[in-house]
Amino acid sequence: MGLKRIAVFISGGGTNLQSLIRHIHGKYGSIELVISSNPKAYGLKRAEENKIENLYINPNRDEEILERLREKEIDFIVLAGYLQKISSPLVTAYRGKIINIHPSLIPSFCGPDYYGIKVHQKAIEYGVKISGATVHFVDEGMDTGPIIMQEAVEVYPEDKPEDLQNRVLDVEHKILSESVKKMCQDKLILNGRIVKVIE
Ligand code: GRF
C-alpha cells in the first residue's frame, strides 16, 4: 500500500502548498497534482520547482478537472488558498475526501464574501479579541463542511489586516499539515458533523 495520492488546488502564492511539500510530500502522502484556478499563480512555480505535475484549469471546467483527478488516481483533494467554490459533481465524486483551509474561526467571517485579506479586515473592524484558522471537510456549501481542526491567535488593538493575516497564516500552515497527515493516516473519523481526530 503506497502513500496516499493527493491533489492540491491553489489560486495564489501557495505558501500552504509549500508547507505541504515540506511536511507531507514523500512522507505521509504524495502530492501528485497541483491545479490552479489562476494561470499566473506563484504556487505553480513552487510545484514546478519540486517536480510536481501542475497546470491551470478554468474552474468551470468540471469534466477536465475530474478527468485529471481520475488519470492520476487521486485519493483526496486539499484546497490550499483555492478561491473558487467546488462544484457539486466534484463534491459528490470526492465526498469526505476534500479538505479546505480558511483563515478564520468558522463560523465567524466565512462564506461567499470572505476570502484573503478581507477576512482579516472584517475581524479587525468587528473588534474580535481572537481569530485563527480552520481546516474543514468541503461540502456543497461555502466554508460549511464539518470542522477538522482549528487554532486561535490573538488580535491586538494596533493590528492592521496584514499583521493579523501573517499571524493566521503561520497557524494555517501548521494545522493544514497536521490535518493532511491525519487524513493520510486514516485518522479522521467523520460522524455526522463531528470529526474525531485519532491521536
Ligand atoms: C490563505 O490565507 C488561505 O487561507 C486563503 O488564501 C490564502 C492563500 O494562501 N484561502 P497561500 O496561497 O497558501 O499562500
Side-chain angles (χ1 to χ4, degrees), residues 6-25 29 31 33-50 52 54-57 59 65 76-87 90-91 98-126 128 130-139 141-155 159-181 183:
I6 303 167
V8 180
F9 287 24
I10 63 167
S11 299
T15 65
N16 277 289
L17 167 65
Q18 190 67 54
S19 173
L20 294 174
I21 290 170
R22 183 174 305 126
H23 299 293
I24 302 298
H25 189 46
I31 300 174
L33 184 61
V34 171
I35 293 176
S36 177
S37 64
N38 166 8
K40 296 190 171 58
Y42 185 71
L44 289 169
K45 191 169 173 358
R46 294 182 193 269
E48 198 63 29
E49 284 166 358
N50 288 277
I52 296 170
N54 64 91
L55 73 163
Y56 159 73
I57 303 183
I65 292 173
F76 66 87
I77 299 165
V78 180
L79 309 184
Y82 191 66
L83 299 181
Q84 305 296 329
K85 188 171 181 301
I86 296 296
S87 68
L90 195 47
V91 172
I98 310 176
I99 65 177
N100 179 48
I101 177 82
H102 181 75
S104 77
L105 295 176
I106 291 175
S108 297
F109 311 113
C110 63
D113 296 332
Y114 291 92
Y115 54 87
I117 194 76
K118 211 169 169 183
V119 174
H120 309 293
Q121 277 165 344
K122 295 291 183 188
I124 287 170
E125 283 167 16
Y126 198 95
V128 295
I130 58 165
S131 190
T134 302
V135 179
H136 63 93
F137 283 111
V138 172
D139 61 11
M142 190 80 164
D143 303 331
T144 53
I147 291 172
I148 297 167
M149 242 178 245
Q150 293 186 299
E151 186 165 323
V153 301
E154 288 198 74
V155 183
D159 271 343
K160 292 184 183 50
E162 294 73 17
D163 302 320
L164 182 54
Q165 181 174 47
N166 290 330
R167 198 172 306 130
V168 169
L169 204 48
D170 286 343
V171 164
E172 289 180 47
H173 297 159
K174 176 178 166 235
I175 65 173
L176 185 61
S177 293
E178 282 176 20
S179 297
V180 173
K181 176 181 170 184
M183 186 91 163

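Predicted model, so just to flag it, every value in this text is computed and none were measured. Just so you know, ligand 1 is whichever comes first in the structure, and atom 1 is the first atom listed for that ligand.
- The protein atom (non-hydrogen) at minimum distance from atom 12 (O) of ligand 1 is Gly14 N, 2.8 Å.
- At the shortest separation from atom 3 (C) of ligand 1 among protein heavy atoms lies Glu172 OE1, 3.1 Å.
- Distance check, rounded to the nearest 0.5 Å: CD of Gln165 to CD1 of Ile124 gives 10.0 Å.
- Scanning the protein heavy atoms around atom 9 (O) of ligand 1, the nearest turns out to be Asn16 ND2, 3.7 Å.
- Between the CG atom in Leu33 and the CG atom in Asn54 there is a gap of 8.5 Å [rounded to 0.5 Å].
- The closest approach between any non-hydrogen atom of Gly43 and ligand 1 is not below 4.0 Å.
- Remark: ligand 1 atoms within the under-4.0 Å shell around heavy atoms of Ile101 are 4 (O), 10 (N).
- Put simply, the side chain of Asn50 never gets that close to the backbone of Ile52: no donor and acceptor are under 3.5 Å apart.
- Ranking the protein heavy atoms by distance from atom 7 (C) of ligand 1 puts Gly81 CA, 4.3 Å first.
- Looking only at atom types and distance, the side chain of Ser104 has a donor-acceptor partner in the side chain of His102 under 3.5 Å away.
- The protein atom (non-hydrogen) at minimum distance from atom 14 (O) of ligand 1 is Thr15 OG1, 2.6 Å.
- The two residues Ser131 and Pro103 come nearest to each other via the heavy atoms OG-O, 4.4 Å.
- Residues Ser11 and Asn38 have side chains that never bring a donor and an acceptor to within less than 3.5 angstrom of each other.
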